[in-house]
Amino acid sequence: MTYTGLPASVEAIRRVRQDPHRLGHRAHGPGEPVEGTGHGGTGPASKRIIVGYGFWIFLLSDIVIFACFFAAFAVQRGATAGGPTIGEIVDIRRVGFETAALLLSSYTCMLSFAATNARNRLWTEIFLLLTGLLGLVFVALELWEFVELAGRGITPQRSGMLTSFFGLVGLHGLHVTLGGLWLATMMAQVLLKGFRREIIHRLICFNLFWHALDIVWIGIFTIVYLMGSGA
Amino acid sequence: MFGKLSLSAIPVSQPIPLITSIIVILVALGVLALITVKRWWPYLWREWITSVDHKRIGVMYCLLGVVMLIRGFADAIMMRTQQAVAIDAPGYLPPEHYDQIFTAHGTIMILFGAMPLVLGFMNFLVPLQLGVRDVAFPTFNSVGFWLTASGALLVNVSLFIGEFARTGWLPYPPLSETAYTPGVGVDYYLWAVQISGVGTLITGINIVTTVLKMRCRGMSYLRMPVFCWTALASCLLIVAAFPILTATLAMLTLDRYLGWHYFSNTAGGNPMMFVNLVWAWGHPEVYILVLPSFGIFSEVFSTFSGKPLFGYRSMVAATLFICIVSMLVWLHHFFTMGAGAAVNTFFGISSSIIAVGTGVKIYNWIFTMYGGRVRFETPMLWSMGFIFTFVIGGLTGVLLAIPPADFLTHNSMFLVAHFHNVIVGGVVFAIFAGYEFWFPKAFGFRLHEGWGKAAFWFAFVGFWVTFTPLYVLGLLGMTRRLQHINFPEWSPWLYISVAGVGILILGVISQVTQLVVSIRDRDRLRDVSGDPWDGRSLEWATPSPPPFFNFAVMPNVEGEEAYWGIKLRAVETQQLSPEPEYVPIEMPVNSPVGIYTAFFTTVFGFSMIWHIWWLAAVALVAAFAGFVAFAWRDVQEFEVPAEEVARVDRARRAAREALLERLSRQEALP
Amino acid sequence: MRQVGTPETRAIAAAGRQHRTLEQHHPVGSPDDAERRTCLSAIQEDLSRMRGLRLRKGAPAHACRGPLLGLVSLGLASCSGGVLDPLGPVGAGDATILIDATVIMLAIVVPTILLAFWVAWRYRASNPRAEYLPYWSYSGRIEAVVWSIPTLTIMFLGGLIWIGSTRLDPFRPLPSETPPLEVQVVALDWKWLFIYPQQGIATVNQLVVPAGTPVHFSITSASVFNVFFVPRLGSMIYAMPGMISQLHLQADRPEQTWGLSAHFSGDGFSDMQFAVKSVPAADFQAWAAGARGAGPTLDQAAYAGLTQQTQRVQPATYGAIDPRLFDAVANQTLPPGPGPQPESPEHTGREISSGGKD
């Protein structure tokens with residue numbers, strides 16, 4: 001993306017209107033590579049690009065961690081040790097509500113970032129709050145699911161399958177919870193310090209994080225819940 | 001109140017750990033007292049502990065690595081002497097102690113010795129070679145270092161409070177589950193490695209972002225020094241592989257603490273899954289170590305031959321080839337686990353294919369020397385020693401990559417000799433070559449050449465005398481990790497090995513003596529020009545040591561070997577490039593967040609190990625509070641005034657004038 | 001071997017005399033002559049390479065004699081009593097591959113190392129006769145060769161890997177007219193239990209097999225990972241709880257040897273060796289018949305005793321077995337060994353966990 005000082009999404013819209021087929025790859029077309037992107041030999045990229053890029057790399061590493069937990073679930077899917085199978089523990093209705101809450105929270109998160117680009121503090125805070133509340137709904141529903149299962153004697157200590165189930169779903173829930181703590185901190189920072197450059201960078205990172213969690217959740221509810229309830 | 005912690009955790013009944021602990025504590029207290037008496041705390045706090053300068057952090061990483069290498073070497077001395085005296089005899093180390101020693105030896109050498117040293121080199125060199133002022137995330141860099149130090153501290157605390165793991169450096173379940181290893185040893189291992197793993201991942205993210213997004217003007221990818229390419233490949237591997245370790249150790253931690261069944265013996269646990277996951281990390285780990293080592297040798301070979309590196313693009317291709325294929329070979333660590341012929345064949349062939357990339361590099365280094373003017377100063381000696389040692393180690397590696405051959409030698413002393421052959425020959429020799437090569441740049445004075453050569457010869461001969469008998473022992477059927485030997489016919493080989501250890505000790509002594517002598521004679525050995533070796537890459541354009549902002553004006557690169565081009569132009573035109581216009585420079589402020597976070601992380605780790613739950617919660621909250629406080633700061637950068645930049649740079653230019661004059665008086669550069 | 005008149009070859013001859021005493025144990029013409037000849041041919045290859053070197057003057061040849069001599073004596077030493085001295089077809093197959101691959105790799109590695117040292121020496125800065133090519137850093141021809149040498153070597157080795165892994169897969173039964181002997185192996189802390197289901201007996205820390213008969217091992221563990229390994233019989237394989245590994249080995253002639261665990265399994269690991277005796281088939285039948293009925297019974301109670309952690313266990317024999325014991329151990333109907341007991345003196349002063357639950 002070009003560093004023209006404009007917020008990301010407005011710039012993207014402008015370039016799409018100008019050049020619908022290039023879609024942001026103008027730097028690789030004929031002509032000079034653009035300053036501040038880090039492309040070609042134009043020198044170091046701008047701070048915003050560096051922060052975003054570094055956070056993407058971190059997200060990739062986080063996804064590798066999730067991949068290992070997915071792998072463990074795949075290996076231990078059938079290791080029920082005489083206990084309940086995956087089909088007996090998944091509750092599609094509740095997972096539907098969890099998915100709706102999380103996907104909706106991604107939407108409100110995107111809206112808050114649009115407000116940030118427009119430098120509108122009120123709407124940024126409102127949408128961040130909505131994001132946080134929807135995330136809270138997600139975590140609450142998940143905790144409710146775990147408590148209910150534990151009440152039926154279905155705990156991770158029972159079998160390998162349950163261990164990997166609780167581990168994968170729990171890891172995602174832990175990420176959402178930590179994201180919620182981060183969200184609260186960001187809301188406080190925006191409230192007290194406004195749209196400083198570092199705060200906008202952190203909001204970019206938070207957005208990436210929240211959307212990535214959404215993607216992971218789609219993987220979880222497909223592979224664990226949908227495929228599990230079909231089993 | 002104190003969880004499982006009680007006074008019985010202190011090993012009063014075991015003389016060796018007790019005496020070692022007392023000595024270590026006395027030395028540590030002595031050092032702290034010395035610093036206090038000499039009033040060095042403000043300097044240390046301001047210039048080193050809270051520094052976010054990549055050069056300072058790199059030096060601290062290397063210091064940590066060297067100290068832990070010495071501890072790991074002490075473990076090795078104990079292991080080899082125990083095996084030599086415990087032939088049809090119990091020896092002086094009972095099994096529960098010996099088992100801790102070989103576990104600590106492996107863990108420390110790889111994760112707290114070699115890794116910090118390699119990370120240190122990458123941190124110090126990459127921004128200098130790329131012509132930029134620092135890495136992408138300097139404060140984060142400091143956090144990463146202090147987390148690694150925190151892990152190392154926890155490992156050392158296990159020496160005098162409790163015990164360390166007794167499972168081998170990779171804690172295979174079911175042995176590492178609580179049923180077979182109750183006690184805090186494995187927990188020490190888990191928390192120390194997890195914490196330092198986070199630190200390593202931070203460096204990985206930092207260097208990847210720096211190399212891909214922060215190069216000076218004109219430095220396209222194919223103009224980067226090869227060391228930066230190898231650092232990139234190594235850090236890409238860190239980002240891809242270390243999370244696997246994090247996940248696997250987290251699973252083992254859940255098994256041990258909460259009775260889950262990832263790897264347990266019963267109820268659907270799958271110990272084979274641990275083996276697969278941990279080696280999916282473990283194999284990339286050794287390439288994380290060896291790729292920057294290859295990069296160091298590339299720099300040394302080209303500098304000391306007076307020629308550019310042969311086949312630059314080939315080297316880059318080979319590096320990336322090794323990077324990718326290293327993620328496809330992990331099963332060769334357990335061919336004997338019975339995966340079947342098809343799976344074994346696939347991984348055997350992929351493991352052999354990696355030899356192609358390495359072989360290409362060896363030949364390219366040889367042809368770098370061809371047509372050169374090779375100078376055999378100490379870094380070059382280490383490089384020649386590396387060629388000999390590593391190639392033979394690679395040979396034994398290809399042997400082990402053939403499953404039927406591995407069926408005879410898996411887990412034997414042949415394997416032990418092989419991996420020491422490649423790690424010592426590859427990584428350790430590279431570390432010493434790099435240390436001798438870049439010490440003047442980091443500290444401003446050269447190292448004593450004679451002691452350096454002595455250290456090399458002792459190390460080289462000592463290595464071969466120590467490890468060749470182990471190849472023989474492996475072929476005679478001896479397996480690894482034996483606390484005592486029931487076969488007297490093995491004794492000649494064990495004795496020869498101990499003699500080799502004696503030679504290695506002389507090498508360590510020589511290395512330390514070199515440092516002491518060099519510090520004593522530092523004025524005579526001063527590196528005035530900043531370019532003591534006739535270097536070719538940008539770090540040699542800076543003074544020794546470089547100013548904290550690295551370059552007064554960021555360079556504009558016009559070809560491969562940026563600094564060599566600058567030197568050529570200067571000699572041709574008989575003058576330096578014109579004085580630039582000096583502008584103020586923005587640099588990041590120091591921050592205590594690194595050491596603050598690491599302090600509470602250490603407390604957290606210790607509390608989790610000893611099940612002191614309230615203290616763990618307090619430490620976690622304090623660490624989080626620290627992060628928030630750090631995020632709240634209003635001042636992130638400070639400005640270096642243009643006059644200050646000009647003053648530093650004019651001193652550098654004066655030294656360069658002198659260098660130019662010296663170069664011109666000798667025969668002209670080609 | 002012939003007497004040749006240089007110091008290094010005289011040294012080899014002396015080593016050869018040492019090797020000749022081994023011939024008393026392995027007479028020429030006996031079935032293991034192939035192994036002895038493999039050793040000798042490896043030595044002769046080194047000798048001829050050294051003779052070739054003697055014609056070349058200069059430092060590299062001198063420098064190489066020492067290491068080559070070392071290699072040769074290493075080869076000789078490793079030739080007897082270990083994995084390079086196999087007793088049967090599996091071990092012979094593995095060892096042949098190991099030696100062949102070593103020779104192939106040496107053919108690449110030795111010239112490479114020599115080239116490196118020669119280039120470094122010739123182009124040393126103090127040598128005025130060497131040309132200085134300060135800008136020479138690329139040659140397509142050299143690149144082609146440099147990529148091809150490792151690639152071709154690896155392609156060749158790839159074939160070796162494929163064929164070797166298939167032929168010597170531990171799960172693959174050995175071709176033989178004699179029906180295989182079944183032995184069930186349980187790795188315990190810290191000893192080995194061998195059950196002979198066809199003979200109805202069991203032994204601890206000693207394995208008796210008939211010579212010339214393929215043996216089919218079914219291997220499991222009643223505690224942690226171990227590896228079942230008899231160096232002179234060949235391939236090893238993991239012993240894992242809850243799983244059965246299959247291994248086929250054969251001893252071609254009567255011999256006394258030993259086996260071990262090749263995976264660290266705890267404090268008593270260093271004593272997990274067991275005696276391996278291959279005897280003539282008739283002697284084996286006699287031994288099995290004699291053992292049956294004599295000695296204690298391996299029932300669940302006796303087995304429970306075995307699962308307790310003990311070290312330096314003396315060989316023992318059981319005269320009767322529970323035929324379903326092995327399967328019960330393998331599918332963990334009988335629980336695995338309980339691990340360290342708090343009262344044992346080795347654990348004084350160290351924390352005892354409550355099995356992961358706090």
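Convention: sequence-line order gives letters A, B, ...; per-chain numbering from 1. Values below: all heavy atoms of this structure, side chains included; hydrogens, waters and symmetry mates excluded.
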Given Ser352(B), Ala401(B), Ala318(B), Ala86(B), the one with more heavy-atom pairs under 4.5 angstrom with chain C than any other is Ser352(B)
* Trace of the side chain to side chain donor-acceptor pair (under 3.5 Å) decision for Thr167(B) with Tyr172(B) -> CA-CA 7 Å; Thr167(B) 53; Tyr172(B) 275 29; over 6 Å; no
With chain C, the option among Ser412(B), Pro173(B), Ala355(B) that has the most non-hydrogen atom pairs under 4.5 Å is Pro173(B)
Under 4.5 Å to a heavy atom of chain B? For Ile237(C) that would be both
Heavy-atom closest pair (Leu260(C) atom, Phe274(C) atom, distance to 0.1 Å) is N-CE2, 3.4 Å
Under 4.5 Å to a heavy atom of chain C? For Ala342(B) that would be neither
Applying a strict 4.5 Å limit to non-hydrogen atoms, the region of Ser265(C) in contact with chain B is backbone
Which of Phe304(B), Tyr370(B), Phe386(B), Phe390(B) passes ring-ring contact (aromatic ring centres under 6.0 Å, His included) with Trp365(B)? It is Phe386(B)
Note: Ile609(B) and Asp187(B) closest approach over all heavy atoms is CG1-O, 3.7 Å
The interface call for Ser261(C) against chain B, heavy-atom contacts under 4.5 Å, is backbone
Greatest number of non-hydrogen atom pairs under 4.5 angstrom with chain B, of Ile163(C), Val145(C), Asp271(C), falls to Asp271(C)
Ranking Ile349(B), Thr479(B), Thr358(B), Val360(B) by heavy-atom pairs under 4.5 Å to chain C gives rank one to Val360(B)
Checked Gly357(B), Gly372(B), Pro11(B), Gly394(B) vs chain C; the most non-hydrogen pairs under 4.5 Å come from Gly372(B)
* Under the 3.5 angstrom rule, does the side chain of His248(C) hit a backbone N or O of Arg172(C) as a donor-acceptor pair? -> yes
Atom OH of residue position Tyr180(B) - does it have more than 12 heavy atoms of other residues, nucleotides or ligands inside 6.0 Å?
yes
If one checks every heavy atom of Ile362(B) against chain C at 4.5 Å, the contacting part turns out to be side chain
Are there more than 12 heavy atoms of other residues, nucleotides or ligands under 6.0 Å from atom CH2 of Trp169(B)? yes
- Output, in order, the C-alpha distance, side-chain angles, deciding distance and verdict of side chain to side chain donor-acceptor pair (under 3.5 Å) for Gln273(C) and Asn486(B). CA-CA 9 Å; Gln273(C) 285 104 40; Asn486(B) 294 329; 2.6 Å; yes
Looking only at Gly340(B), Ser264(B), Ala341(B), Gly474(B), most heavy-atom pairs under 4.5 Å shared with chain C are made by Ala341(B)
Cut-off 4.5 Å, heavy atoms of chain B, and the answer for Met243(C) is side chain
Would you call the rings of His332(B) and Phe335(B) parallel, tilted or perpendicular if under 30° counts as parallel and over 60° as perpendicular?
tilted
Bottom line for Phe487(B): the part with an atom under 4.5 Å from chain C's heavy atoms is side chain
### Query
For residues Asn344(B) and Ser165(C), is any side-chain donor paired with an opposing acceptor at under 3.5 Å?
no
Of the listed Thr166(C), Val90(C), Asp94(C), Leu98(C), the one with the largest count of heavy-atom pairs under 4.5 Å with chain B is Asp94(C)
Of the listed Met384(B), Arg375(B), Glu489(B), the one with the largest count of heavy-atom pairs under 4.5 Å with chain C is Met384(B)
Highest number of heavy-atom pairs under 4.5 Å with chain B among Phe171(C), Phe269(C), Tyr123(C), Tyr238(C) belongs to Tyr123(C)
Spell out, as yes or no, whether a donor-acceptor pair under 3.5 Å connects the side chain of Gln83(B) to the backbone of Leu482(B).
-> yes
Whatever's closer than 4.5 Å to a heavy atom in chain B on Ile161(C) counts as both
Okay, Leu157(C) and chain B: the region with an atom under 4.5 Å from a heavy atom over there is side chain
task: Could you check whether the rings of Trp464(B) and Phe388(B) sit parallel, tilted or perpendicular, using 30° and 60° as the cut-offs?
output: perpendicular
If one checks every heavy atom of Leu399(B) against chain C at 4.5 Å, the contacting part turns out to be side chain
Bottom line for Ala130(C): the part with an atom under 4.5 Å from chain B's heavy atoms is neither
Turns out that what part of Met380(B) lies under 4.5 Å from chain C's heavy atoms comes down to neither
Cut-off 4.5 Å, heavy atoms of chain C, and the answer for Phe346(B) is neither
Okay, Met240(C) and chain B: the region with an atom under 4.5 Å from a heavy atom over there is side chain
### Task
Please check if the side chain of Ser305(B) supplies one atom and the backbone of Lys307(B) the other of a donor-acceptor pair under 3.5 Å.
no
Would you find a donor on one side and an acceptor on the other, under 3.5 Å apart, between the side chain of Arg166(B) and the backbone of Thr103(B)?
no
Heavy atoms of Trp258(C) and Gly477(B) approach each other most closely as CH2-O, 3.4 Å
Whatever's closer than 4.5 Å to a heavy atom in chain B on Pro335(C) counts as neither
On the 0 to 90° scale, with breaks at 30° and 60°, tag the Phe310(B)-Trp136(C) ring pair as parallel, tilted or perpendicular.
tilted
With chain B, the option among Ser235(C), Ser270(C), Gly339(C) that has the most non-hydrogen atom pairs under 4.5 Å is Ser270(C)
Is a side-chain N or O of Thr409(B) found less than 3.5 angstrom from the main chain of Ala405(B), in a donor-acceptor match? yes
Applying a strict 4.5 Å limit to non-hydrogen atoms, the region of Arg313(B) in contact with chain C is neither
Turns out that what part of Val12(B) lies under 4.5 Å from chain C's heavy atoms comes down to neither
Honestly, the part of Leu247(C) sitting under 4.5 Å from a heavy atom of chain B is neither
Assert top hit (heavy-atom pairs under 4.5 Å, partner chain B, pool Gln246(C), Met155(C), Gln332(C), Glu131(C)) equals Gln332(C)
Turns out that what part of Ser223(C) lies under 4.5 Å from chain B's heavy atoms comes down to both
Among Gly140(C), Ala95(C), Ser137(C), Gly268(C), the residue with the most heavy-atom pairs under 4.5 Å to chain B is Ser137(C)
Item checked: Thr181(B) side chain vs Leu175(B) backbone, donor-acceptor pair below 3.5 Å -> yes
